[in-house]
K.L.:
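Sharing a structure, written as structure tokens. Questions coming.
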Amino acid sequence: MLDLKYVVANAEAVKQNCRDRNVPAAVIEDLDRAVALEAERKAAFHRVEETRRRQNEVAQATGKERDPVKRGLLVEEGKQLKAAAAALEDQLRKLDAGIHDRLRRIPNLTHPDAPIGQTEDDSKEIRTVGVPRAFDFPVRDHVEIGKTLDLIDFETGGKVSGTGFYFLKNDAVLLDLALQQFAMNRLIAAGFTPVITPDLARNSILEGIGFTPRGVETQVYSIENTDLSLVGTAEITLGGMLADTLLDESALPLKYVGLSHCFRTEAGAAGRASRGLYRVHQFTKVEMFAFTTPETSGEMHALMLAIEEELFQALGVPYRVLDICSGDLGGPAYRKFDLEAWMPGRGAAGEYGEVTSTSDCTDYQARRINIRYRPAGQKGTRLVHTLNGTALALSRAIIAVLENHQRADGFIDVPDVLRPYVGKDVLGRR
RNA sequence: GGAGAGGUGGCUGAGUGGUCGAUAGCGACGGUUUGCUAAACCGUUAGACUGGGAAACCGGUCUCGGGGGUUCGAAUCCCCCCCUCUCCGCCA
């Protein structure tokens with residue numbers, strides 16, 4: 001959520017930002033409406049405050065008054081004020097709600113260096129690292145590899161849980177666990193505090209982080225008869241950890257690395273590019289999350305990107321880095337970098353596919369979930385900045401490892417860095 | 001799941017209808033004393049929103065887990081929810 005005062009003072013710039021970010025026209029109309037309502041709200045607010053001030057005054061005077069007649073008069077005035085206040089407060093509540101509902105649909109501002117554009121094709125490739133391997137044998141995709149080596153079972157997943165679910169078996173289990181430990185250890189070495197988070201969270205937390213649990217297009221699984229939902233990412237639980245917290249500046253930055261399962265309905269996403277493990281309803285993810293001062297969030301964003309790159313370099317997987325364009329940013333992101341890993345089995349002759357994403361959300365989430373800090377040597381408090389980044393999404397990392405390290409004999413070489421965790425050098429051998 | 005006890009400021013902890021945004025202690029910050037440190041003493045010390053002012057500063061409203069209610073007036077009484085602790089039950 002943006003600061004309402006900022007929106008009012010910079011309405012044109014915020015509108016242009018909305019257009020750049022490809023939000024529906026209705027949101028821009030909402031913005032105008034919110035700005036208009038704010039003037040009304042302010043007036044209503046002053047009326048309510050004035051009434052309450054008088055109420056407090058009368059109530060205090062009543063307590064001190066010993067003369068029964070005068071006291072009776074004060075009580076009478078108090079009753080009238082009470083009725084008046086109720087009506088005014090009701091009006092104010094409606095205005096507040098009207099503004100808030102509209103304000104929360106407005107996306108975050110956009111980093112001046114982020115490319116402006118409407119679709120993912122407008123995102124800017126910053127660099128390509130590693131060279132896709134030349135295979136001297138027919139390349140198999142991870143679905144075929146998974147089936148041949150009895151590593152991934154989509155059919156049984158479908159039978160037991162439905163399309164989009166799968167069973168990992170045999171060495172794929174070792175690979176999954178190894179990747180988790182590998183990522184965790186790298187992040188711990190970088191000073192991140194490891195956390196295993198709940199896989200369910202309250203809807204209020206989901207909303208604070210910027211997810212919408214309800215509605216037709218929701219990507220979120222909700223638990224019936226509760227106010228809980230399955231998390232789509234540990235970003236929700238990691239960010240929620242510090243909801244309603246006032247920190248000392250000396251505590252910042254706070255860096256966490258969380259492990260959780262992730263659940264996504266992926267409504268309407270079936271089809272072409274989502275074969276196999278690429279787009280599934282459940283996967284495991286190692287996620288980075290940081291709370292920083294406003295001055296240092298850019299630096300932290302660079303650190304997260306560097307860590308993501310380091311992880312994929314270590315796994316021997318070629319990738320490219322994208323600076324995501326305005327129109328393809330999610331609501332809370334001020335700037336976002338994606339890593340796309342080379343997946344030799346994807347498409348006709350291999351394609352890059354998204355494996356990580358790191359966003360600087362500035363104060364957009366912090367304002368909603370109320371995370372502040374006291375600046376050292378200054379009065380008052382400021383909102384923190386929040387950032388998140390994928391360390392490893394297991395499902396997609398598994399695709400990248402299986403497809404890039406497949407061998408002519410059909411087995412899979414284990415990347416050196418994973419061997420201590422996997423406990424073997426080659427996957428799939430019986 | 002059942003029974004009971006609780007949730008108060010950065011922390012601990014008083015406060016059972018008006019003078020309470022709140023006693024006290026700790027911590028932190030500023031000062032006095034001091035060769036330095038410690039101790040002692042004095043003072044300051046919640047947040048959000050908002051009015052006036054160039055500012056220093058001076059006002060107002062809200063917040064005692066959250067939401068509703070009773071009342072002229074609620075930290076205090078009532079209802080619902082959330083959370084914590086103890087005991088019992090169940091359970092990996």
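Naming convention: chains lettered A, B, ... in sequence-line order (proteins, then strands); numbering from 1 in each chain. Just so you know, these numbers come straight off a predicted model, no measurement behind them.
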K.L.:
Which whole number of Å gives the distance between the C1' atom of B/U8 and that of B/C20?
P.N.:
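Those two atoms are separated by 12 Å.
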K.L.:
Rounded to whole angstroms, how far apart are CG on A/D244 and C1' on B/C83?
P.N.:
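Whole-Å distance recorded here is 13 Å.
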K.L.:
So what's B/G17 paired with, Watson-Crick or G-U wobble, going by both distances under 3.5 Å?
P.N.:
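Pairing partner, where one exists within any strand: none, as none qualifies.
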K.L.:
In whole Å, what separates the P atom of B/G30 from that of B/A38?
P.N.:
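Those two atoms are separated by 13 Å.
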K.L.:
Could you please name the partner base of B/C41, counting Watson-Crick and G-U wobble pairs only when both distances are under 3.5 Å?
P.N.:
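B/G31 - that is the nucleotide pairing with B/C41, both distances being under 3.5 Å.
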K.L.:
Considering only the C1' atoms, how many Å lie between B/A75 and B/G17, rounded to the nearest integer?
P.N.:
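Nearest-Å result for B/A75 against B/G17 at atom C1': 11 Å.
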K.L.:
Hey, is CD on A/E120 packed in by over 12 heavy atoms from elsewhere, all under 6.0 Å?
P.N.:
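Check fails, neighbour count at 12 or below.
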K.L.:
Figure out the CZ/P separation between A/R367 and B/A48, and round it to whole Å.
P.N.:
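About 13 Å, once rounded to whole Å.
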K.L.:
Would you indicate whether A/K15, at its atom NZ, is surrounded by more than 12 heavy atoms from other residues, nucleotides or ligands within a distance under 6.0 Å?
P.N.:
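Yes - once you tally the heavy atoms of other residues, nucleotides and ligands closer than 6.0 Å, there are more than 12.
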K.L.:
Using the C1' atom in both, what is the distance from B/G21 to B/U45, to the nearest Å?
P.N.:
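Each nucleotide's C1' atom is 14 Å from the other's.
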K.L.:
Quote, to the nearest angstrom, the P distance that separates B/G25 from B/A40.
P.N.:
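Between the two P atoms, the distance is 13 Å.
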K.L.:
Using atom P in both nucleotides, what's the gap between B/A74 and B/C26 to the nearest angstrom?
P.N.:
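The same atom, P, in both gives a distance of 34 Å.
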K.L.:
How long is the line joining NZ of A/K5 and C1' of B/U50, in whole Å?
P.N.:
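These atoms are roughly 9 Å apart.
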K.L.:
With a 3.5 angstrom cut-off on both distances, give the Watson-Crick or G-U wobble partner of B/C64, or none if there isn't one.
P.N.:
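Its partner is none (no Watson-Crick or G-U wobble pair with both distances under 3.5 Å).
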K.L.:
Can you tell me the base-pairing partner of B/G89? Count Watson-Crick or G-U wobble geometry only, both distances below 3.5 Å, and say none if there is no partner.
P.N.:
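In the structure as shown, B/G89 has no Watson-Crick or wobble partner.
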K.L.:
Can we call the ring centroids of A/F165 and A/F167 under 6.0 Å apart?
P.N.:
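So the answer is no for these two rings.
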K.L.:
Compare all side-chain heavy atoms of A/V58 with those of A/Q55 and state whether any distance is below 4.5 angstrom.
P.N.:
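Side chain of A/V58 against side chain of A/Q55, heavy atoms only: no contact under 4.5 Å found.
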K.L.:
To the nearest angstrom, how far is A/I205 atom CD1 from B/C83 atom C1'?
P.N.:
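The distance from CD1 of A/I205 to C1' of B/C83 comes to 13 Å, rounded to the nearest Å.
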K.L.:
With both distances kept under 3.5 Å, what pairs with B/G6, Watson-Crick or G-U wobble?
P.N.:
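B/G6 is paired with B/C83.
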K.L.:
May I have the distance from A/N203 (atom CG) to B/C81 (atom C1'), rounded to whole angstrom?
P.N.:
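After rounding, the reported distance stands at 15 Å.
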K.L.:
Using the P atoms only, state how far B/A28 lies from B/G89, rounded to an integer number of Å.
P.N.:
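Roughly 46 Å separates the two P atoms.
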K.L.:
Please determine if A/R382 forms a cation-pi arrangement with A/Y373, meaning its NZ or CZ atom is less than 6.0 Å from the six-membered ring centre and no more than 45° off the ring axis.
P.N.:
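Geometry flag: not set, cation outside 6.0 Å or 45°.
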K.L.:
With both distances under 3.5 angstrom, what nucleotide forms a Watson-Crick or G-U wobble pair with B/A55?
P.N.:
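Base-paired to nothing in any strand shown.
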K.L.:
What distance, rounded to whole Å, do you find between the two P atoms, one in B/G9 and one in B/A48?
P.N.:
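Approximately 16 Å lies between the P atom of B/G9 and that of B/A48.
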K.L.:
Nearest whole angstrom, please: distance from the P of B/C49 to the CD of A/E38.
P.N.:
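One finds 12 Å between P of B/C49 and CD of A/E38, rounded.
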K.L.:
For atom CD of A/E295, is the number of surrounding heavy atoms from other residues, nucleotides or ligands below 6.0 Å larger than 12?
P.N.:
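For A/E295, atom CD is crowded (more than 12 foreign heavy atoms under 6.0 Å).
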K.L.:
Is the centre of the A/H301 ring less than 6.0 Å from the centre of the A/F337 ring?
P.N.:
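A/H301 vs A/F337: aromatic centres under 6.0 Å.
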K.L.:
Less than 4.0 angstrom between a side-chain N/O of A/R374 and OP1 or OP2 of B/G47, yes or no?
P.N.:
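Looking at the OP1 and OP2 atoms of B/G47, one of them is under 4.0 Å from a side-chain N or O of A/R374.
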K.L.:
In B/S/- notation, 5' to 3', how is nucleotides 57-75 of chain B contacted by protein heavy atoms closer than 4.0 Å?
P.N.:
---BBS--------BBS--
K.L.:
Return the pairing partner of B/A22 with a 3.5 Å limit on both distances, Watson-Crick or G-U wobble; otherwise return none.
P.N.:
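Base partner found: none.
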K.L.:
Go ahead and name the base partner of B/U76; Watson-Crick or wobble counts if both distances stay under 3.5 Å, otherwise write none.
P.N.:
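Across all strands, not a single nucleotide pairs with B/U76.
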K.L.:
Which residue, A/H46 or A/K64, contacts RNA chain B at a nucleotide closer to its 5' end, judged by nearest heavy atom?
P.N.:
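Upstream on the strand: A/K64.
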K.L.:
Parallel, tilted or perpendicular: which describes the rings of A/F154 and A/Y166, with under 30° parallel and over 60° perpendicular?
P.N.:
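Rings of A/F154 and A/Y166: tilted, as their planes differ by 30° to 60°.
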K.L.:
Expressed as a whole number of angstroms, how long is the span from A/L247:CG to B/A46:P?
P.N.:
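Going from CG in A/L247 over to P in B/A46 covers 18 Å.
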K.L.:
Can you confirm whether A/I196 is buried at CD1, in the sense that more than 12 heavy atoms of other residues, nucleotides or ligands lie under 6.0 Å from that atom?
P.N.:
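Open: at most 12 neighbouring heavy atoms sit under 6.0 Å from CD1 of A/I196.
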